[in-house]
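Here is the structure we will look at, set down as structure tokens.
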Amino acid sequence: SVFNGFEDLITGMYSDLNPDLLVTAKKGKTFEIAEVDLQKIKEIESVDFIAKTIEEKAVFDARDNKQTIGILKGVDDNFRMVTKLDSSLLEGRYAFKGPGDQSMAVLGSGMRNSLGIDINNPLAFINVYTVKKKRVGPFEQPFRKRLLYPAGTFYIEPEFNDNYIISSL
């Protein structure tokens, strides 16, 4: 019974960020959505929602030169329907669009701590650097830079808390 309790605990923690069914690339990191027959998946009786996501390693840079490496997870609007992330919020809100179309993000509690982010500070922001996929010339920057504003903090499990920042696709 102790092992069953552990199994329930571990399954519960991981199901907050992962859906019941996950479709991944057979080879490589990504696949074209056109390669998947979404209509066929939607026709499966127990499938209520389909969410599209993508993950990429990134460098995150906040005020006071606090930097860390982690995973930027881009999600669509259905993500909250296939996971329980919004019920794992410690502070702030589950939001990916802010005033004036600002790109918002929900940070793992460990990422928030590493970057020294104050969720309640409207001037707080995070610079996100990802590697460009195409070849760049010797005088070009090899990274794409984006700006994210923190909307909330989640707490699920240390592996997710310490490594993930979730934003819109």
Side-chain angles (χ1 to χ4, degrees), residues 13-19 22-25 27-34 49-169:
M13 286 190 311
Y14 281 94
S15 68
D16 285 352
L17 193 57
N18 289 319
L22 184 64
V23 178
T24 61
K27 184 177 174 182
K29 282 178 35 174
T30 62
F31 60 88
E32 293 294 325
I33 197 70
F49 298 96
I50 295 175
K52 300 171 198 146
T53 67
I54 190 165
E55 294 182 8
E56 187 65 48
K57 285 193 176 188
V59 175
F60 302 101
D61 179 24
R63 296 178 83 170
D64 302 325
N65 290 324
K66 291 189 177 185
Q67 297 177 343
T68 191
I69 296 172
I71 299 170
L72 178 64
K73 184 176 186 95
V75 302
D76 70 5
D77 292 337
N78 283 344
F79 187 71
R80 87 182 315 157
M81 305 306 230
V82 299
T83 65
K84 299 175 187 170
L85 180 64
D86 56 342
S87 66
S88 300
L89 287 180
L90 283 178
E91 61 184 343
R93 63 192 198 288
Y94 182 96
F96 299 126
K97 286 291 178 199
D101 270 350
Q102 286 179 333
S103 294
M104 306 292 284
V106 180
L107 290 69
S109 59
M111 289 297 280
R112 183 213 50 214
N113 294 340
S114 294
L115 294 169
I117 296 290
D118 178 3
I119 298 297
N120 299 314
N121 180 355
L123 301 177
F125 63 90
I126 304 165
N127 289 307
V128 181
Y129 300 91
T130 56
V131 176
K132 289 181 180 176
K133 299 295 179 201
K134 64 177 182 144
R135 287 186 174 251
V136 295
F139 301 108
E140 293 180 273
Q141 287 289 333
F143 297 101
R144 287 182 353 156
K145 179 182 174 184
R146 299 280 191 239
L147 200 62
L148 288 176
Y149 294 89
T153 302
F154 66 85
Y155 182 85
I156 296 174
E157 184 273 330
E159 182 182 336
F160 293 123
N161 302 338
D162 295 345
N163 294 300
Y164 278 82
I165 291 182
I166 301 174
S167 188
S168 173
L169 279 172

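Atom-to-atom distance recorded for D61:CG and K66:NZ is 12.0 Å, nearest 0.5 angstrom. Separating the CG atom in L90 from the CD1 atom in I119 is a distance of 10.0 Å, to the nearest 0.5 Å. Separating the CG atom in L89 from the NZ atom in K84 is a distance of 14.5 Å, to the nearest 0.5 Å. Between the CD1 atom in I71 and the NZ atom in K57 there is a gap of 6.5 Å [rounded to 0.5 Å]. Put simply, CD on Q67 and CD1 on I69 are 9.0 Å apart, with the number rounded to the nearest 0.5 Å.
The main-chain N or O of I50 is found under 3.5 Å from a side-chain atom of N78 such that the two form a donor-acceptor pair. Judged by distance alone, the side chain of T153 and the main-chain N or O of G108 form no donor-acceptor pair under 3.5 Å. Counting only distance, with no hydrogens or angles, the side chain of D76 and the backbone of K52 share a donor-acceptor pair below 3.5 Å.
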**Message:** Could you go through V75 and L85, starting from their C-alpha distance and side-chain angles, then the distance that decides it, and tell me whether this counts as side-chain contact (heavy atoms from CB on, under 4.5 Å)?
**Reply:** CA-CA 12 Å; V75 302; L85 180 64; over 6 Å; no

**Prompt:** Passes side-chain contact (heavy atoms from CB on, under 4.5 Å), F96 versus I166? Steps please.
**Reply:** CA-CA 8 Å; F96 299 126; I166 301 174; 3.8 Å; yes

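Judged as a ring pair (Phe, Tyr, Trp, His ring centres under 6.0 Å), not a single pair has a partner in residues 54-78 (not counting sequence neighbours). Among pairs with a residue in residues 111-125, those fulfilling side chain to side chain donor-acceptor pair (under 3.5 Å) read E91-R112, at least two apart in sequence or across chains.
With sequence neighbours excluded, no residue forms a ring-ring contact (aromatic ring centres under 6.0 Å, His included) with Y129. Scanning for side chain to side chain donor-acceptor pair (under 3.5 Å) contacts around R80 gives D86, with sequence neighbours left out. Partners of Y149 according to the ring-ring contact (aromatic ring centres under 6.0 Å, His included) rule, which considers only residues two or more places apart in sequence or in another chain, do not exist here. Taking Q102 as the reference, nothing meets the side chain to side chain donor-acceptor pair (under 3.5 Å) condition, with sequence neighbours excluded.
Side chains of I165 and V128 form no contact here, defined as non-hydrogen atoms less than 4.5 Å apart. Within the 4.5 Å cutoff, no side-chain heavy atoms of Y164 are placed close to those of V106. Considering only heavy atoms from C-beta on, V131 comes within 4.5 Å of F143 through its side chain.
More than 12 non-hydrogen atoms from other residues, nucleotides or ligands lie less than 6.0 angstrom from CG of L169. Within a 6.0 Å sphere centred on NZ of K145, heavy atoms belonging to other residues, nucleotides or ligands number 12 at most.
When every heavy atom of Q141 is checked against every heavy atom of K132, the shortest pair comes out as O-NZ, 3.1 Å. Taking all atoms of both residues into account, the shortest heavy-atom contact from L123 to F125 is O-CD2, 3.4 Å. Across all their heavy atoms, A151 and M104 have their closest contact at CB-CE, 3.7 Å. When all heavy atoms of P150 and A124 are compared, the closest pair comes out as CD-O, 3.4 Å.
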